[in-house]
Number of protein chains: 2
Amino acid sequence: MSLPHAILTALLEKPSSGLELTRRFDRSIGYFWSSTHQQIYRELGKLEQAGRIRALPAAVPARGQKKEYEVLPAGREELAAWVALPEDPRPVRDPLLLRMRAAAVVGAEGMDAELRRHLTLHESQLAEYREIEERNFTPAPTSDEDRLRYLVLRGGIDLETFWISWLTRSIADLDG
Amino acid sequence: MSLPHAILTALLEKPSSGLELTRRFDRSIGYFWSSTHQQIYRELGKLEQAGRIRALPAAVPARGQKKEYEVLPAGREELAAWVALPEDPRPVRDPLLLRMRAAAVVGAEGMDAELRRHLTLHESQLAEYREIEERNFTPAPTSDEDRLRYLVLRGGIDLETFWISWLTRSIADLDG
DNA sequence: GTAAGCATGTAAATAGTTACATGATTGG
DNA sequence: CCAATCATGTAACTATTTACATGCTTAC
């Protein structure tokens with residue numbers, strides 16, 4: 001049940017319309033909790049009905065018309081409660097690792113090219129994170145808020161670094 | 001659409017009943033594609049109906065009776081085709097990183113304890129992987145199949161190592 | 001006035017989770 | 001016989017994805 005909380009977080013950072021949220025999910029928040037516009041619109045509807053957010057008065061409630069939302073106190077409380085809740089790490093579900101394991105049984109035809117392809121994808125994702133780091137967290141942040149945000153970004157950087165080094169090792173290993 | 005392929009892989013490694021598969025998903029295959037027995041039974045039914053697997057003749061088709069499955073040629077072909085197919089990495093969806101980002105907005109109450117809790121979880125998962133490494137891949141494997149399986153396990157080891165180092169850094173950073 | 005793109009949505013299908021139901025086997 | 005455990009399954013719900021529908025705004 002993380003999507004509503006991802007949306008609340010994004011809206012607290014800045015009130016937005018559905019499409020703006022979708023854009024931001026493609027960039028920042030979505031790096032750690034991805035979503036599509038369909039899911040977002042549906043969830044916005046539910047959150048509004050539950051009294052956690054509301055449409056800004058200016059907005060005309062018509063189709064095709066932009067509609068901006070802001071978080072209500074109940075929404076902020078809900079989010080704070082969720083943050084304090086313990087939650088175990090999700091079990092891993094990774095198609096590439098699974099395919100490699102399947103390849104051990106039916107043959108690794110094409111694996112090498114696929115690993116190289118993933119390598120470039122992860123390299124470009126890492127470059128994107130590095131740019132954000134340069135732009136927003138250099139020099140190192142001092143406020144508590146920004147230190148937390150920087151740690152999240154470090155998570156992304158370290159995760160991509162893990163993939164790059166694992167892929168590099170695997171490619172070398174299969175070549176040899 | 002990875003679950004059926006995870007099941008085909010597991011059944012090729014060793015024909016099994018639904019419950020045996022469930023057990024194996026709790027240990028080996030499930031480290032990279034987790035699942036529950038409900039999903040597994042449902043998927044076994046579909047795979048059987050699609051002619052990719054079949055129940056071993058010995059099995060009585062009654063409730064409460066053990067029913068073993070083996071993979072048919074069509075199932076092996078299906079799996080080989082899937083392995084050769086390109087598939088992009090999944091977008092990340094991690095509740096802990098998301099909660100940390102939310103904490104930047106509503107306050108990091110309780111974050112420290114939660115990070116420490118995750119640290120011990122990841123440490124124990126790493127220890128489990130290390131045991132498997134010791135047991136099955138020491139000395140280093142020489143066959144192609146086992147080299148692939150070892151790379152998959154290395155993926156798990158490196159992933160846990162990433163989490164441990166990120167969590168350790170984050171805990172230190174929030175303390176300071 | 002019409003095409004391109006902005007903006008919000010609906011519908012249907014698939015995937016995954018949670019809770020419960022039912023029968024078989026074995027040890028006391 | 002009764003409890004525990006093995007074993008298979010159903011039902012209902014929630015989450016996610018994919019495909020499509022509709023109205024508005026702006027630039028030509």
Side-chain angles (χ1 to χ4, degrees), chain A residues 1-8 10-11 15-26 29-30 32-50 53-56 58-69 82 87-95 98, chain B residues 1-8 10-11 15-26 29-30 32-50 53-56 58-69 82 87-95 98:
Chain A
M1 276 263 299
S2 295
L3 178 59
H5 303 109
I7 290 176
L8 287 172
L11 286 181
S16 304
S17 68
L19 192 62
E20 278 163 11
L21 273 179
T22 303
R23 299 266 152 77
R24 290 169 62 201
F25 267 78
D26 285 343
I29 279 272
F32 310 106
W33 199 274
S34 67
S35 190
T36 58
H37 82 271
Q38 292 86 343
Q39 246 189 313
I40 289 169
Y41 281 117
R42 203 145 23 105
E43 204 63 43
L44 282 172
K46 281 192 211 166
L47 284 168
E48 186 176 23
Q49 212 171 358
I53 63 174
R54 63 162 187 178
L56 289 182
V60 188
R63 192 163 188 151
Q65 288 288 320
K66 196 158 144 177
K67 198 165 150 198
E68 292 222 304
Y69 291 95
W82 177 73
E87 183 178 343
D88 284 355
R90 303 229 155 166
V92 175
R93 256 186 204 155
D94 187 86
L98 182 61
Chain B
M1 276 261 301
S2 295
L3 178 59
H5 302 108
I7 291 176
L8 287 173
L11 286 182
S16 305
S17 67
L19 192 62
E20 278 162 13
L21 273 179
T22 303
R23 299 266 153 77
R24 290 169 61 201
F25 267 77
D26 285 344
I29 279 270
F32 309 106
W33 200 273
S34 66
S35 190
T36 58
H37 82 270
Q38 292 87 343
Q39 246 189 311
I40 288 169
Y41 281 117
R42 206 156 13 120
E43 204 61 44
L44 282 172
K46 283 192 209 166
L47 283 168
E48 186 176 24
Q49 212 170 0
I53 63 174
R54 64 163 188 176
L56 288 182
V60 189
R63 195 165 186 151
Q65 288 288 320
K66 195 158 147 179
K67 199 166 150 197
E68 291 222 302
Y69 292 95
W82 177 72
E87 183 178 343
D88 284 355
R90 305 232 153 161
V92 175
R93 253 184 208 159
D94 187 87
L98 182 62

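Here is how names work: the chains are called A, B, and so on, in the same order as the sequence lines, proteins then strands, and each is numbered from 1.
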Rounded to whole angstrom units, what separation is found between the [atom1] atom of [X] and the [atom2] atom of [N]?
| X | N | atom1 | atom2 | value |
| --- | --- | --- | --- | --- |
| A/E68 | C/dT8 | CD | P | 9 Å |
| B/L56 | D/dT8 | CG | P | 12 Å |
| B/M1 | C/dG16 | CE | C1' | 14 Å |
| A/I40 | C/dT10 | CD1 | P | 15 Å |
| A/L44 | C/dA7 | CG | C1' | 13 Å |
| A/H37 | D/dT18 | NE2 | C1' | 11 Å |
| B/L19 | C/dT22 | CG | P | 20 Å |
| B/E48 | D/dG9 | CD | P | 9 Å |

Item to complete: Mind checking A/S35 for me? I need base, sugar-phosphate or nothing, with any heavy atom below 4.0 Å counting as a touch.
Response: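 No contact at all - A/S35 keeps every heavy atom at 4.0 Å or more from the nucleic acid.
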Worksheet entry | Sugar-phosphate, base or nothing in reach of A/R93, heavy atoms under 4.0 Å |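 The residue A/R93 makes sugar-phosphate contact but no base contact.
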Worksheet item: Given that A/E20 and B/S2 both sit by DNA chain C, which one's nearest nucleotide is further toward the 5' end?
Response: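 Its nucleotide being nearer the 5' end, the pick is A/E20.
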Worksheet item: Rounded to the nearest 0.5 Å, how far apart are OH of B/Y41 and OG of B/S17?
Response: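 With rounding to 0.5 Å, OH (B/Y41) is 6.0 Å from OG (B/S17).
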Worksheet item: Going from NZ on A/K66 to CD on A/E20, what distance comes out if it is rounded to the nearest 0.5 angstrom?
Response: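 Spacing of NZ (A/K66) from CD (A/E20) equals 4.0 Å.
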When you measure from the side-chain N and O atoms of [X] to the phosphate of [N], is any distance below 4.0 Å, counting only OP1 and OP2?
| X | N | result |
| --- | --- | --- |
| A/T36 | D/dT18 | no |
| B/T22 | D/dA7 | no |
| B/Y41 | D/dG9 | no |

Worksheet item: When you match B/Y69 and A/Q38 each to their closest nucleotide on DNA chain D, which lands nearer the 5' end?
Response: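 First, find each residue's nearest nucleotide; the 5'-ward one identifies B/Y69.
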Worksheet entry | Closest-nucleotide ordering on DNA chain D, the 5'-leading residue of A/E43 and B/R42 |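 Result: B/R42.
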Item to complete: Give the minimum heavy-atom separation between B/L21 and B/A10, together with the two atoms involved.
Response: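 For B/L21 versus B/A10, the nearest heavy atoms are CD2-CB, 3.6 Å.
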Discussion item. For A/S16 and A/R24, which I'm curious about, is there any donor-acceptor pair between the side chains at under 3.5 Å?
Written reply: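 Looking only at side-chain atoms, A/R24 and A/S16 do form a donor-acceptor pair, the distance falling under 3.5 Å.
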Discussion item. When you compare the side chain of B/L3 with that of B/I7, does any pair of heavy atoms fall below 4.5 Å?
Written reply: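 Yes, side chains in contact.
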Discussion item. Among D/dT8, C/dG16, C/dG9, which nucleotide has an atom closest to any side-chain atom of B/Q39?
Written reply: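 My answer, after comparing the listed nucleotides, is C/dG16.
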